[in-house]
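We use all heavy atoms of the structure for the numbers below, so side chains are in, but hydrogens, waters and symmetry mates are not. Note on naming: letters A, B, ... go to the chains in the order of the sequence lines (proteins, then strands), and numbering restarts at 1 for each one.
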There are 2 protein chains.
Amino acid sequence: METKGFEHHDHHHCIATSLRTVEEACKAQGLQFTPVRRRVLEILLDEHRAMGAYDVLDVLRKEGLGSQPPVAYRALDFLVANGFAHRIERLNAFVACTAPGERHAPCFLICRACSAVAETPGRRASDALRSAAGELGFKVERVAIEAEGLCPACVEAGA
Amino acid sequence: METKGFEHHDHHHCIATSLRTVEEACKAQGLQFTPVRRRVLEILLDEHRAMGAYDVLDVLRKEGLGSQPPVAYRALDFLVANGFAHRIERLNAFVACTAPGERHAPCFLICRACSAVAETPGRRASDALRSAAGELGFKVERVAIEAEGLCPACVEAGA
DNA sequence: GGATCGCATGTTATGATATAACGTTCGCGG
DNA sequence: CCGCGAACGTTATATCATAACATGCGATCC
Ligand SMILES: [Zn+2]
Ligand SMILES: [Zn+2]
Ligand SMILES: [Zn+2]
Ligand SMILES: [Zn+2]
């Protein structure tokens, strides 16, 4: 897995690849990749930014794909539950996963200036946490690791 | 710093010590440890659990110390800003810090069965994260590390 | 002492996020 | 055809958070 979000990249390609990967994963696991679910993933993929459920809903509304909160939340829940998107607790928002399919402990770098979000491998941090928790007898099931700060571009721009 | 929350301990003593430490820290830094702020910290200290702002507010209301959300949020913001309490993003809730005064990168273990929350040193995980972020040119300012799972007691009880 | 200021607090109103609950649709296997 | 389960549509409501403005009160300056 590679970190994405801050550096430039062929974004059309990156979107297409993710969509295809998710499509295949759904087929393989017998999951229904319905139009709403697919469209919500596309909306998230469009930007490497976290979007609130209501931001997503606004887009769906314009396109006649749904107009009430549960529509957006259900699609987002599906994507998150299956590892195709992640929820950023700090922002009450969602991002498309940059490595759908791969088992990974994601870790997010959130720029407070431009709101960019990068997903980066959190293996080391997550392992450190698991071992600390294990010593206490705590059984870790899920880990959320989120850093807030300045992305490279904003560090440079800022000062 | 020591992990607190799961093991038994002399809780009256632990509350008294925290309060005294915070009192002194406020005096030293010229911060106003007002009655509402003090009471909110006491409410949080009473249980090693995360409480929502409205839970805290309910208590304040009963005691005539305030009845509107901003009262609770302002006191909580004060405590969090000065490191006397922490916000748990995952739960939209707050806990008293178990090591007020010490500079630390807290990391939380949240039991999904009994809602206990333990604060444990997150140095290793946080260092791992900072170094990974540094390689990408991201400047980390704050880190939230939160694990959800089963505490020792619930592991044993559960299965 | 009175003017002024900063800061905590009181209060009203509203915004933002999330879910419960129930009905409808539709494909699929019995 | 019937019954079932999964997705979706819709209404209503719960939960979390803040904007904005008014009030009180001690510290400081003159
Ligand atoms: Zn991309
Ligand atoms: Zn940025
Ligand atoms: Zn204690
Ligand atoms: Zn427990």
Side-chain angles (χ1 to χ4, degrees), chain A residues 22-23 26-27 29-41 43-44 49-82 84-95 110 115 144 146, chain B residues 22-23 26-27 29-41 43-44 49-82 84-95 110 112 115 144 146 148:
Chain A
V22 170
E23 233 159 43
C26 284
K27 187 170 291 181
Q29 300 173 243
L31 300 171
Q32 302 186 47
F33 197 40
T34 64
V36 182
R37 290 169 176 179
R38 183 193 178 92
R39 185 67 191 116
V40 169
L41 179 58
I43 291 166
L44 292 181
R49 283 183 40 239
M51 297 184 72
Y54 281 75
D55 297 333
V56 171
L57 182 57
D58 283 344
V59 178
L60 294 180
R61 245 198 273 266
K62 278 179 202 141
E63 301 176 354
L65 273 172
S67 61
Q68 300 305 319
V71 174
Y73 280 102
R74 284 196 286 235
L76 290 165
D77 286 348
F78 168 85
L79 296 172
V80 170
N82 294 287
F84 306 142
H86 301 289
R87 180 184 164 83
I88 313 280
E89 302 295 345
R90 174 101 188 85
L91 305 174
N92 295 327
F94 303 82
V95 275
I110 305 161
S115 297
E146 303 175 2
Chain B
V22 171
E23 233 159 44
C26 285
K27 188 171 292 182
Q29 301 173 242
L31 300 170
Q32 303 187 46
F33 197 39
T34 64
V36 183
R37 291 170 177 179
R38 184 193 177 92
R39 186 67 191 115
V40 169
L41 179 58
I43 291 166
L44 292 180
R49 282 182 42 238
M51 297 184 72
Y54 280 73
D55 298 333
V56 171
L57 182 57
D58 283 344
V59 179
L60 293 180
R61 247 198 273 265
K62 278 179 201 139
E63 301 176 353
L65 273 172
S67 61
Q68 301 305 320
V71 173
Y73 279 101
R74 284 197 285 235
L76 289 165
D77 287 348
F78 169 86
L79 295 173
V80 169
N82 294 286
F84 306 142
H86 300 290
R87 179 183 165 85
I88 313 280
E89 302 294 346
R90 174 102 188 83
L91 306 174
N92 294 328
F94 302 82
V95 276
I110 305 162
R112 67 166 161 77
S115 296
E146 302 176 2
E148 189 172 313

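- The nearest whole Å value for the distance from the CG atom in B/Leu76 to the C1' atom in D/dA17 is 12 Å.
- Between B/Gly66 and B/Leu57, the closest heavy-atom pair is O-CD1, 4.1 Å.
- Atom CG in A/Leu60 sits roughly 12 Å away from atom C1' in D/dC8 (whole-Å rounding).
- Within the 4.0 angstrom heavy-atom criterion, base atoms lie near A/Arg74.
- In terms of phosphate contacts, B/Asn92 brings no side-chain nitrogen or oxygen within less than 4.0 Å of OP1 or OP2 of C/dT17.
- Checking B/Leu91 against B/Pro70, the closest nucleotide of DNA chain D that is more toward the 5' end is the one next to B/Leu91.
- For the pair B/Arg37 and B/Phe78, the cation sits on the ring face: its NZ or CZ lies under 6.0 Å from the ring centre, inside 45° of the axis.
- Side-chain contact between B/Leu44 and B/Val95 is absent, with no heavy-atom pair separated by less than 4.5 Å.
- Per the geometry, CZ belonging to A/Arg61 stands 11 Å off P belonging to D/dT10, to the nearest Å.
- One finds the CG atom of B/Leu91 at 10.0 Å from the CZ atom of B/Arg49 (value rounded to the nearest 0.5 Å).
- Between A/Thr34 and D/dC8, a side-chain N or O to OP1/OP2 separation shorter than 4.0 Å is present.
- Atoms CZ (B/Phe78) and C1' (D/dA17) sit 20 Å apart, rounded to a whole Å.
- Nucleotide D/dC8 holds its P atom 14 Å from the CZ atom of A/Arg38, rounded to whole Å.
- Distances shorter than 4.0 Å separate none of the side-chain N or O atoms of B/Tyr73 from OP1 or OP2 on D/dT18.
- DNA chain C is contacted by both B/Arg37 and A/Pro69; B/Arg37 maps to the nucleotide lying nearer its 5′ end (nearest heavy atom per residue).
- In the interface, the side chain of B/Tyr54 is not paired with the base of D/dA14 through any donor and acceptor atom under 3.5 Å apart.
- The backbone N or O of B/Gly52 sits less than 3.5 Å from a side-chain atom of B/Asp55, completing a donor-acceptor pair.
- Taking atom CD of residue B/Gln68 and atom C1' of nucleotide D/dA19, one finds them 14 Å apart after rounding to whole Å.
- As a whole-Å value, the separation of A/Asp58 CG from C/dA16 P is 11 Å.
- When each of B/Leu65 and A/Arg87 is assigned the nucleotide of DNA chain C bearing its nearest heavy atom, the one mapping closer to the 5' terminus is B/Leu65.
- Taking atom CG on B/Asp77 and atom P on D/dA19, their separation rounds to 10 Å, with Å as the unit.
- A close approach under 4.0 Å does occur between a side-chain nitrogen or oxygen of B/Gln32 and OP1 or OP2 of C/dA8.
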